Amino acid sequence: MKLCLVLIAAVTVHGCEKEHSFRKHDRHIKRQNPNNSFPPVLDHNERILVDSFDSSSLATWSQYYSHKRNVAGESSTVPQWTANRWAKHGFTTRLDSYHVFLNYPVHQSLQLQHANGSNHYVSLEEEVLKLDETTGEPNRVPVYHGYSFSGNASAEFVYVGRGSQLDFQRLKNLGVKLEGNIALAKHGGPFRGLKVKNAQEFGMIGAVIFTDPGDDRNMTEANGFKAYPDGPARNPSSVQRGSVLFLSTYPGDPTTPGYPSKEGSSRMEKETVPDIPSIPISWIEAKPLLESLNGHGLTSQKVNRTNWIGAIPNAKYSSGPAPGVTLSLSNMMEDKTTQIWNTIGIINGTNQDEVVIVGNHHDAWMIGGAADPHSGSAIFIELSKAFGKLLKTGWKPKRTIVLASWDAEEYGLVGSTEWVEEYIPWLKDSAISYLNIDVGIAGTIPDFSATPDLHALTLSIARKVIWPHGTHRTLYDVWEEKTGEIGALGAQSDYTSFVHRGGIASIDMGTTRAPLDPIYHTHSNFDSYHWMEKFADPGFVLHKAVGQYLTLYLYHLADDAMLPLEPANYGPEMRAYFEELELTVASANAEAAVDIVPLKNAISAFEDAAQHFNTMRDSAVKSNSSVALKELNRKARDFGRGFISQGGLPGRPFYQHLIFAPGIDTGYAPVTFPGITEAVVAGNLTLATEFVEKTAEAVLAAARVLNT
Ligand SMILES: *[C@@H]1O[C@H](CO)[C@@H](O)[C@H](O)[C@H]1NC(C)=O
Ligand SMILES: *[C@@H]1O[C@H](CO)[C@@H](O)[C@H](O)[C@H]1NC(C)=O
Ligand SMILES: *[C@@H]1O[C@H](CO)[C@@H](O)[C@H](O)[C@H]1NC(C)=O
Ligand SMILES: *[C@@H]1O[C@H](CO)[C@@H](O)[C@H](O)[C@H]1NC(C)=O
Ligand SMILES: *[C@@H]1O[C@H](CO)[C@@H](O)[C@H](O)[C@H]1NC(C)=O
Ligand SMILES: *[C@@H]1O[C@H](CO)[C@@H](O)[C@H](O)[C@H]1NC(C)=O
Ligand SMILES: *[C@@H]1O[C@H](CO)[C@@H](O)[C@H](O)[C@H]1NC(C)=O
Ligand SMILES: *[C@@H]1O[C@H](CO)[C@@H](O)[C@H](O)[C@H]1NC(C)=O
Ligand SMILES: [Zn+2]
């Protein structure tokens with residue numbers, strides 16, 4: 001809903017179908033003198049960590065993980081194997097288990113019936129490839145939506161674009177009959193669960209979501225590239241599985257909002273899962289469906305919505321419905337309350353009240369997952385090995401390191417959310433940072449989203465890592481050339497609860513596709529070991545660089561005498577968010593009704609406090625006072641808790657960070673000053689004013705931590 005008001009630039013699809021709204025955040029970072037010495041100069045411990053990384057080991061770990069079926073909650077085999085590996089390198093490990101609601105596919109089918117009565121069965125199978133062995137596993141995972149509703153629907157259908165609230169509203173305003181019909185939506189834009197939620201709210205009785213090659217940018221068969229496995233373009237049969245949880249309301253187990261799901265925990269009525277059935281399909285299977293709508297209902301020109309038209313040959317992207325042309329959708333799921341397992345590995349630091357957590361998930365939608373999540377899983381084994389080498393030299397970190405391999409991320413960040421809900425008091429007292437890697441390798445562009453206090457570290461570590469492609473380039477050089485931006489955090493992966501419940505400094509890191517990089521088949525059987533080895537990262541050299549980056553990042557947070565967090569960088573970031581808010585308020589003609597000056601004043605007060613903090617810290621460093629430094633480190637750790645408001649955002653008490661949140665109708669992508677912005681956009685100016693006060697108070701609370 002914010003899309004129409006502020007600059008949300010290039011939307012790319014990657015990660016667990018991550019949708020980044022890149023902003024030019026980088027312009028706010030105070031760049032230190034760029035030090036372009038090449039190769040980067042590393043100290044003794046950094047050298048041990050970096051040299052420990054080995055591409056052939058990474059390939060071995062990737063091969064192990066990508067050949068196991070490990071759908072959320074199915075087995076403790078993979079998490080236990082991970083624990084054993086970490087333990088070998090000196091981590092104290094355990095499995096933290098929860099009992100959560102999940103569901104699994106029993107029967108899925110889809111049928112198109114033409115007006116003349118003839119039937120067309122839509123295939124829900126991805127192609128089995130001789131060259132890619134895991135695509136043909138007898139126990140391969142069917143295509144389905146996690147947390148989808150069990151039921152049948154049969155009706156005429158309407159193409160609804162990306163399925164945002166505005167898409168549905170536009171169709172309704174133009175008189176297209178939505179009620180009682182089935183929605184046909186394409187991927188991109190809102191998180192898929194919100195497409196289903198919107199369809200449901202507009203009275204529709206089922207949803208079919210397809211992949212569109214129009215979102216593949218330049219890497220298409222139409223541009224002359226061969227399709228996987230013969231080339232890097234999309235295999236036309238690829239289907240994107242995924243969760244349809246209402247993620248922007250709250251993540252985690254839908255039956256235990258706000259508290260951990262232990263065996264015997266009381267369970268609530270589910271509010272965050274759909275009550276209409278849905279199913280995902282490939283573009284090649286969507287083609288006859290769209291074709292049958294050609295010339296019926298509204299033309300795409302008449303609908304006139306951005307991103308409405310895709311690139312499926314012969315499809316005109318008319319809205320429909322076409323009289324007498326129907327879909328019969330059947331989606332039968334088995335509901336279960338079942339065990340999940342998070343692998344936890346710990347190295348105690350000397351300061352027990354300072355903890356750095358590093359996480360990745362281990363559940364995957366298919367036998368495969370070489371990118372999502374196992375590029376991260378493989379890197380974690382090498383990371384544990386690198387720290388094991390350092391431990392053998394007698395090193396002990398100043399701060400406690402916690403490694404986490406989460407279960408059930410794919411269903412809606414379930415393993416990490418339940419864990420944070422269990423440990424929130426301890427985390428709020430002691431967590432320095434949370435570092436996340438999920439889709440570590442899906443392309444050739446380094447990709448970061450982070451809270452502002454981590455931006456400086458994000459860039460300084462990037463200068464320490466050699467990029468494997470090109471010559472004499474660091475990861476920083478490639479990042480600066482290709483993006484030069486650090487995103488804000490929405491709800492794309494397991495950092496969500498740490499940021500939005502805990503107010504904990506966090507980063508999500510990985511790589512994303514350049515326009516001509518091989519297609520990353522999100523949540524499809526083709527996200528496989530074979531694809532990774534042949535197309536995405538031959539030689540596992542990118543795995544190595546990204547792993548070295550994460551390892552050095554963790555090392556500095558865990559061991560630098562002065563915590564490498566920069567609270568002051570929230571200042572310019574919040575100023576930029578404030579300018580966007582001014583535009584939002586102006587375009588809603590709400591300047592008279594909503595006075596945002598108190599927020600502006602609070603940002604100024606924060607900047608003063610951050611400057612004071614920096615002065616104190618400089619002098620503590622100069623005088624080498626470990627007592628003063630300890631106190632200043634505590635402030636750097638704690639100030640972010642100020643941004644958390646106990647009541648949370650309107651209608652969604654889980655999301656408590658008042659500086660950013662996943663957008664209510666984006667799910668993944670972030671909105672800044674969300675309490676105010678979303679109320680203004682929704683036209684509730686009383687509520688907006690209330691949130692100006694709350695947000696200003698939160699900014700002042702953060703400032704007080706730095707000041708006192
Ligand atoms: C750049 O890094 C090298 C090696 O660490 C160091 O000797 C040099 O002083 C640095 N230069 C600047 C401008 O920071
Ligand atoms: C029914 O209509 C469809 C779509 O127009 C067409 O492809 C098919 O050949 C027709 N079948 C018969 C039996 O006429
Ligand atoms: C739903 O449809 C499937 C397949 O068409 C059928 O087997 C099943 O009995 C139906 N279930 C209900 C509850 O109608
Ligand atoms: C991708 O396609 C666009 C539009 O056709 C073109 O302008 C651009 O140069 C292409 N980019 C690359 C890297 O080929
Ligand atoms: C489409 O919408 C844009 C703005 O949203 C408007 O400027 C343009 O005139 C519209 N085009 C048509 C053909 O209605
Ligand atoms: C780490 O510290 C915790 C908390 O003090 C303690 O219970 C645990 O035994 C320690 N683990 C090791 C391996 O020293
Ligand atoms: C700073 O203090 C620490 C102990 O607190 C000591 O190990 C270190 O040598 C001191 N550094 C300098 C430059 O004096
Ligand atoms: C505005 O928000 C307040 C607080 O949530 C609510 O009580 C009120 O009903 C809302 N007003 C409108 C017009 O939606
Ligand atoms: Zn993932």
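Start at 1 and go down the list; that is how both ligands and their atoms are numbered. All figures in this text were calculated on a predicted structure; none of them were measured in a lab.
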Measure the acute angle between the ring planes of Tyr434 and Trp406, then classify it against the limits of 30° and 60° as parallel, tilted or perpendicular. tilted

With sequence neighbours excluded, residues passing ring-ring contact (aromatic ring centres under 6.0 Å, His included) with Tyr147: Phe101, Tyr411

Please state whether the separation between the Zn ion (ligand 9) and some N/O/S atom of Asp438 is under 2.8 Å? yes

By ring-ring contact (aromatic ring centres under 6.0 Å, His included), Tyr553 pairs with (sequence neighbours left out) Tyr549

Mutual orientation of the aromatic rings belonging to Phe380 and Trp86 [parallel < 30°, tilted 30-60°, perpendicular > 60°]: tilted

Quick one: side chain to side chain donor-acceptor pair (under 3.5 Å) partners of Thr338, sequence neighbours excluded? none

Note: OD1(Asp372)-the Zn ion (ligand 9)-NE2(His361) angle, rounded to 10 degrees, equals 100°

Test side chain to side chain contact (heavy atoms under 4.5 Å, CB included) on Leu383 and Leu403 and set out the steps. CA-CA 10 Å; Leu383 176 147; Leu403 282 189; 3.7 Å; yes

Could you list, one pair per line, each nitrogen or oxygen of ligand 4 together with any protein nitrogen or oxygen closer than 3.5 Å, giving atom names and the distance rounded to 0.1 Å?
residue	atom	partner	partner atom	Å
ligand 4	2 (O)	Asn218	OD1	3.4
ligand 4	2 (O)	Asn218	ND2	2.3
ligand 4	11 (N)	Asn218	ND2	2.8
ligand 4	14 (O)	Asn218	ND2	3.2

Could you tell me whether some N/O pair between Glu690 and ligand 8 is separated by less than 3.5 angstrom? no

Please verify the inter-ring angle class for His657 with Phe660; under 30° counts as parallel, over 60° as perpendicular, anything in between as tilted. parallel

